[in-house]
Structures are given as structure tokens and as C-alpha cells.
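Below is one structure, written out as C-alpha cells, with a few remarks after it.
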Amino acid sequence: MSFIKQLGLASRLPATVARPLLAPQQRLMASYATETPATPFTQPVQSFLRKFDTNEPLSIIELERSVFGAPIRRDILQRVVVWQRDNMRQGTQSTKGRADVRGTGKKGAQQKGRGKARVGSMRAPHFRGGGIAFGPKPRDHSTDLPNKVQLMGLRVALSAKYAQDQLVVVDSLQALKTPKTKELKRILDTAHADNSSILIMSNELDMKLEMAAGNLPRCGVLGLDEINVLSLLKFDKLIIEKEALDELETFLKN
């Protein structure tokens with residue numbers, strides 16, 4: 001019999017006091033059980049499906065939350081961008097050392113009697129026209145990054161586009177009939193005119209679309225196999241084809 005029952009106070013106390021005391025771990029588990037949200041975090045996010053040439057909403061589609069609703073991690077974006085730019089470096093810089101420059105091998109001055117320092121070669125780095133000391137040589141600047149971090153960087157970049165309302169999902173990019181720049185410029189100016197740079201992503205690289213965007217300085221075209229974090233961050237808005245979005249969700253979802 002508990003101490004409260006021995007004193008006969010159980011009937012006088014509230015139910016929250018009269019109940020048996022729980023262990024600290026049991027109380028912690030009970031509090032978590034009551035605070036569990038009714039809807040799970042895996043609920044998908046939603047977006048409009050629009051027409052490419054008019055930007056008219058057609059329907060509402062559901063997006064994978066793990067791909068377009070991931071937490072925004074600036075540190076992950078920084079790691080991926082540095083890794084990409086390291087791999088983009090050519091590494092062809094080269095300088096000539098004292099053994100590579102042209103010049104005589106004759107001793108520059110007598111060894112003693114001048115009151116100055118000894119001179120062994122006029123091709124030394126401290127002479128004009130001499131070699132470069134510890135100058136750069138051709139090398140590989142590429143670095144390594146785990147695949148999981150690379151994929152996480154894509155999820156964070158796509159989630160940032162969705163969170164900032166810079167993601168536009170279109171049904172198809174076949175509205176462009178000819179590979180003419182003026183036709184694509186007309187579509188972008190009338191349907192997507194907000195003075196922002198635009199990246200268009202299709203499931204497969206369309207030559208008509210690529211040729212039309214070639215002369216537009218603030219427009220880029222990428223195929224799904226060319227997606228990367230640096231390109232997503234360089235452009236303000238992302239226009240992605242529905243078919244490419246489905247493939248991307250299949251590849252990136254947990």
C-alpha cells in the first residue's frame with residue numbers, strides 16, 4: 001500500500017496527484033506520446049502544374065517532401081559548390097624554374113673581392129629574367145565528396161527553389177515549335193516575365209530549345225542527366241518539365 005493510501009488522503013487529492021508516481025523514463029515517454037502530431041512529416045507538398053507557353057495553371061500535383069521539402073542546409077550547399085568548382089579547374093597553370101629559363105651558365109661575377117653576395121647563376125629567381133621559385137605546375141585540383149552529400153545537395157537546392165516560390169512545373173516543353181530565339185523570348189517575356197534568370201530543365205536535352213536559348217544571356221537549358229547544384233543556384237527560377245520531375249523524384253527520394 002502506498003504512502004498516500006496509508007494516510008487516507010487518496011480520496012481528497014486530485015487524480016493527477018493520487019495516481020502512482022511514474023519513473024522518469026516512463027514520464028518522458030508518456031509526454032512524447034501525448035505530443036505526437038496527428039499528421040506525419042512525410043505528407044507530400046503541393047504545386048501547380050502549368051502550361052509552358054501561357055503559365056496557366058492546369059492542376060495541382062503532389063511533390064515528394066523528401067526532395068522538395070528538405071531542411072535548408074547552407075553548409076551542404078557550400079560543400080557541394082566548392083567540390084564542383086574544384087573539379088571544374090583545368091589545372092594547366094605552369095611556370096618555369098631556374099632550370100627551364102633561357103640564359104647562360106656562366107658564373108655571374110667573381111667569387112670574392114666585390115664586397116657583395118656570391119653569384120652562381122644569372123638564372124636564379126632573384127635576378128631579372130630568372131626562374132620562378134616554387135611556382136605553380138600542372139596538377140589535378142579535383143577533390144572527393146561522398147555520394148550521399150552530393151544527393152543531399154540536390155535535395156537542398158530543389159527545396160530552396162520550392163521554398164522561395166522559384167519552382168515552376170510545366171506539363172510539356174513542346175510548345176516551342178521552331179528553334180528561334182525570338183519565339184522563346186516571347187514566351188518567357190509574356191508568361192514568365194519577372195526580370196529573373198531562368199533555367200529550363202527537360203527530361204531529355206531538346207536541341208530546338210537549346211538553340212533557341214543560346215542567344216539569351218539570362219536563360220539556360222539543361223537535360224535531366226546534367227542537373228547540378230551550381231546551375232540551380234546560379235539561376236533565379238527553375239522551370240522543369242513534369243516528366244523530368246517524376247524521374248528526379250524517383251532518383252532522389254529516400
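Computation of the quantities below employed the complete heavy-atom set of this structure, encompassing side-chain atoms and omitting hydrogens, waters and symmetry-equivalent molecules.
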Would you check if [X] and [Y] make a side-chain contact, meaning some heavy-atom pair closer than 4.5 Å?
| X | Y | result |
| --- | --- | --- |
| Ser142 | Asn87 | yes |
| Glu249 | Phe68 | yes |
| Asn228 | Leu222 | yes |
| Leu167 | Leu158 | no |
| Ile198 | Leu216 | no |
| Ile240 | Val170 | no |

Next item on the list: Considering only NZ, NE, NH1 and NH2 on the basic side and carboxylate oxygens on the acidic side, decide whether Asp246 and Lys242 come within less than 4.0 Å.
Entry: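 Judged by the 4.0 Å cut-off on N to carboxylate O distance, Asp246 and Lys242 do form a salt bridge.
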Checklist line | ILVMFWY clustering at 4.5 Å (side-chain atoms), partners of Phe48 | finding: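 Phe48 clusters with Ile60.
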Check: For Val101, what are the other residues in its hydrophobic cluster, where any two members join if their side-chain heavy atoms are less than 4.5 angstrom apart?
Finding: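 In the cluster with Val101 there is nothing else; it is isolated.
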Item checked: Residues in ring-ring contact (aromatic ring centres under 6.0 Å, His included) contact with Phe52, at least two apart in sequence or another chain ->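 Counting only residues at least two positions away or on another chain, Phe52 forms a ring-ring contact (aromatic ring centres under 6.0 Å, His included) with His192.
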Check: Where do Gly153 and Val80 come nearest, in terms of heavy atoms and distance?
Finding: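 Minimum heavy-atom separation between Gly153 and Val80: CA-CG2, 4.0 Å.
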Note to self: So which atom in Leu232 and which in Ala157 form the shortest heavy-atom distance, rounded to 0.1 Å?
What the structure shows: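 In terms of heavy atoms, the two residues are closest at CD1-CB, 3.8 Å.
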Residues in side chain to side chain contact (heavy atoms under 4.5 Å, CB included) contact with [X], at least two apart in sequence or another chain:
| X | answer |
| --- | --- |
| Val82 | Gln78, Asp86 |
| Arg218 | Ser197, Asp236 |
| Pro217 | none |

List the atom pairs, with distances to 0.1 Å, where a side-chain N or O of residues 204-213 and a protein N or O form a donor-acceptor pair under 3.5 Å, not counting sequence neighbours.
residue, atom, partner, partner atom, Å
Asp206, OD1, Lys208, N, 3.2
Lys208, NZ, Leu176, O, 3.3
Lys208, NZ, Lys177, O, 3.4

Check: Going from CZ on Arg79 to OG1 on Thr143, what distance comes out if it is rounded to the nearest 0.5 angstrom?
Finding: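 The distance works out to 10.0 Å.
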Check: At what distance, to the nearest 0.5 angstrom, does CD of Gln150 lie from CG of Asp144?
Finding: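 Separation between the atoms: 9.5 Å.
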Notebook entry, point to check: Should Leu151 and Phe251 be marked as a side chain to side chain contact (heavy atoms under 4.5 Å, CB included) after you check the CA-CA gap, both sets of side-chain angles, and the distance that decides it?
Noted result: CA-CA 9 Å; Leu151 298 179; Phe251 177 68; 3.6 Å; yes
Check: Does a sphere of radius 6.0 Å around NZ in Lys107 hold more than 12 heavy atoms from other residues, nucleotides or ligands, not counting ones at 6.0 Å or beyond?
Finding: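 For Lys107, atom NZ is crowded (more than 12 foreign heavy atoms under 6.0 Å).
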Note to self: So, using side chain to side chain donor-acceptor pair (under 3.5 Å) as the criterion, who are the partners of Asn195 when residues are at least two apart?
What the structure shows: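 Asn195 satisfies side chain to side chain donor-acceptor pair (under 3.5 Å) with no residue once adjacent residues are dropped.
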Next item on the list: Identify which one of Leu58, Val169, Val168, Ile239 satisfies the side-chain contact (heavy atoms from CB on, under 4.5 Å) criterion when paired with Arg50.
Entry: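 Filter result, single survivor: Val168.
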Next item on the list: State which residues pass salt bridge (charged side-chain N to carboxylate O under 4.0 Å, His left out) with Lys137; sequence neighbours excluded, sorted by chain then number.
Entry: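 Scan of Lys137 (salt bridge (charged side-chain N to carboxylate O under 4.0 Å, His left out), adjacent residues dropped) gives Asp100.
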Item checked: salt bridge (charged side-chain N to carboxylate O under 4.0 Å, His left out) partners of Asp165, counting only residues at least two apart ->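 For Asp165, no residue satisfies salt bridge (charged side-chain N to carboxylate O under 4.0 Å, His left out) once neighbours in sequence are set aside.
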Please table the atom pairs, donor to acceptor, closer than 3.5 Å between any side-chain atom in residues 112-123 and protein atoms at least two apart or in another chain.
residue, atom, partner, partner atom, Å
Arg114, NH2, Ala117, O, 3.1
Ser121, OG, Arg123, N, 3.1

Next item on the list: With sequence neighbours excluded, give me every salt bridge (charged side-chain N to carboxylate O under 4.0 Å, His left out) pair touching residues 219-235.
Entry: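 Non-adjacent pairs meeting salt bridge (charged side-chain N to carboxylate O under 4.0 Å, His left out): zero.
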